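Only one structure is covered here, and it is reproduced in the block below.
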2 protein chains.
Amino acid sequence: MKEKQNTLFVGSLAKGLKLLRAFDETATEMSLTDLARRTGLDKSATQRLANTLHVEGMLDKDPETKRFRPSHAWLELAYAYFWSDPLVKQAMPQLIDLSQRLGSTVNLTELSGDHIIYVSRLPNGSSQFSATLVGRRLPALNASAGRAMIATWSPEERQHVVDTWPIQQFTPKTTTDRDVIRAGVEEAAQMGYATTQNQMILNQTGIAAPIIGPDGRAHAAVQCSVSSHHWSFDRIQEELLPYILDAALTIAPQSRGGY
Amino acid sequence: MKEKQNTLFVGSLAKGLKLLRAFDETATEMSLTDLARRTGLDKSATQRLANTLHVEGMLDKDPETKRFRPSHAWLELAYAYFWSDPLVKQAMPQLIDLSQRLGSTVNLTELSGDHIIYVSRLPNGSSQFSATLVGRRLPALNASAGRAMIATWSPEERQHVVDTWPIQQFTPKTTTDRDVIRAGVEEAAQMGYATTQNQMILNQTGIAAPIIGPDGRAHAAVQCSVSSHHWSFDRIQEELLPYILDAALTIAPQSRGGY
DNA sequence: ATAAAGAGTATCATATTATGATATCTAGTC
DNA sequence: GACTAGATATCATAATATGATACTCTTTAT
């Protein structure tokens, strides 16, 4: 077996993780053979690894169907993450405050490679299910939060990022033209915040303010989602923006190290 | 090395998981030696496993301090969990609705062994930091949510559980007398909901309604926390309870399998 | 300034541990 | 009642993980 490099890389552990990561929106519970298929591992390996995961409490196993599912331990890991991320402690009170004041959905997002990830979500009003869940990742260029972050970087970095980072089409109106995205990012750099429309969900407007780190660059943002029906640009600018910007500023202090 | 049983148990994987679970409220980032100490694994093993975890993106490593921290992948696992748990999809809209209507903190909790775990939290108003985080576990007997669930079980089960499950003292006023807890559970069985005061945090009242499964037994609950200063029992009963009970009822359908 | 300590990193020979092919058992289908 | 698909168990083999040791680097103390 060649696996990855050598000697300070434990193949079995990596394979075990592969099993964990095989679960997603589409695969929420899996039989042994499902797991084997999905991970590309052979039957026996899957059997042993899945069993280990089960014994260790990382996978629940339905005694009837013999299918595996994520266990509560997955939430405990998230809990540990929240404690480990100083930004969360820093931001939580502000976000709650903001959520109540605005009565809209408020999110804390961080940069994760070339994607953003929702670290904390305070949903308000009816949203898509997935729009209420922590841990969701989106291409940074598609999201208002991502653009707000990138906008705080140097012109060269912005250029490079807009040219190379991935884009994904979510709605018929999702911007796929990089020049249009570039314009959005540059505007955000001017204004100090970013807005998007119809990017993830039709008739949804996103407003995001960067949480700027000690080096002047952001890799986190406060983000807010509202319905474009109820919220004109003017109204957003008057009733939402000041508070969002203020929250982002208050949270600002130090953030996380590199990724 | 004896590890656990044999042949369908992969020791290296179990050890790797041990590293992940070494992180908690108190240990939010750790050096190699910290990890070794905390897990009881030897230096070399820790080195190899931590490195594997790092390469696989499960642990971030500060290039300066060489310390390890949970990565964003931990949140992605939580995301997968949310999709796998039918109750979450079922409950989310109701919880958001409830949160807005009551203006108070609303939680979805599930039973996890003899503890409850917060699966979804919609904080409102200022709370303790830990009271805003998904994934937190509490002894079921201490929590209103736990008592509300247990109250739906048979008298024999209730008896056994109240006698044997763990209790922990969080505040000077936390109930540690099992007979008092028993009374609380029995009352909850009568009323169809449970309330507690000063159990986790002083001057905090918890109200919980069981989410009853197809077999008539609950292992999940809708829970709400309010300040005892602002909320008299009468007011709670009039302004909160009906909605909480209604939400729990609406969510009810089918829940998860055994644990 | 120099030594000592502490922590991170790298190497290597050994056998323990994971491997995966095969066989058996169980449950649903036609 | 025969057939299929999936879950579970067994086992000989060598490939893989092991952990002792040695090497570097940075920090603290003398």
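Side chains are part of it too, since the values below use all heavy atoms of this structure and drop only hydrogens, waters and symmetry mates. Order of the sequence lines fixes the chain letters, A, B, ..., with proteins taken first and strands second; residue numbering starts at 1 for each chain. Since we're looking at a predicted model, the values are computed, not measured.
Axis angle, first five pairs versus last five pairs of the helix from C:dA1-D:dT30 to C:dC30-D:dG1: 40°, rounded to 10°.
Here C:dA7 presents its C1' atom at 11 Å from NZ of B:Lys61, a figure rounded to the nearest Å. Rounded to whole Å, the distance from CD on B:Glu64 to P on C:dG8 is 14 Å. When rounded to the nearest whole Å, the span between CG of A:Asn51 and P of D:dA7 equals 13 Å. The distance between atom CG of A:Leu13 and atom P of C:dT17, rounded to the nearest whole Å, is 16 Å. Computed from coordinates, the B:Phe68 CZ to C:dT9 C1' distance equals 11 Å when rounded to whole Å. If you take CG of B:Leu8 and P of D:dC11, they are 14 Å apart, rounded to a whole angstrom. Per the geometry, CG belonging to A:Leu59 stands 14 Å off P belonging to D:dA7, to the nearest Å. Taking atom CG on B:Leu19 and atom C1' on D:dA17, their separation rounds to 15 Å, with Å as the unit.
When each of A:Met30 and A:Ser12 is assigned the nucleotide of DNA chain D with its nearest heavy atom, A:Met30 is the one assigned upstream, toward the 5' end.
For A:Glu157, the salt bridge (Lys or Arg N to Asp or Glu O under 4.0 Å) partners are A:Arg217, not counting sequence neighbours. Shown here are the side-chain hydrogen bond (donor to acceptor under 3.5 Å, both in side chains) partners of B:Thr164, two or more places apart in sequence or in another chain: there are none.
The shortest distance between the side-chain N/O atoms of A:Lys66 and the OP1/OP2 oxygens of D:dT8 is below 4.0 Å. An OP1 or OP2 oxygen of D:dT18 is reached within less than 4.0 angstrom by a side-chain nitrogen or oxygen of B:Lys15.
Between A:Ser130 and B:Tyr79, some side-chain heavy-atom pair lies under the 4.5 Å cut-off. For the pair A:Leu49 and A:Leu35, the minimum side-chain heavy-atom distance is 4.5 Å or more. A 4.5 Å side-chain heavy-atom check between B:His72 and A:Tyr81 finds at least one atom pair inside the cut-off.
Picking from C:dA7, D:dT16, D:dT18 the nucleotide with the shortest atom distance to the side chain of B:Thr33 gives C:dA7. Taking every side-chain heavy atom of A:Leu32 into account, D:dA7 is the closest of D:dG19, C:dG20, D:dA7.
The list of ring-ring contact (aromatic ring centres under 6.0 Å, His included) pairs with a residue in residues 28-67 of chain B, not counting sequence neighbours, is empty. Sequence neighbours left out, not one pair with a member in residues 25-44 of chain A passes ring-ring contact (aromatic ring centres under 6.0 Å, His included).
Between B:Phe23 and B:Phe68, the shortest heavy-atom distance links the atoms CE2-O, 3.5 Å.
A donor N or O paired with an acceptor N or O is found under 3.5 Å between the base of C:dG20 and the side-chain atoms of A:Arg48.
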Which protein N or O atoms sit under 3.5 Å from an N or O of nucleotides 20-27 of chain D?
residue : atom : partner : partner atom : Å
D:dA20  : N7   : B:Ser44 : OG           : 3.3
D:dA20  : N6   : B:Ser44 : OG           : 3.2

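For A:Gln128, the CD atom sits in a loose shell: 12 or fewer heavy atoms of surrounding residues, nucleotides or ligands are nearer than 6.0 Å.
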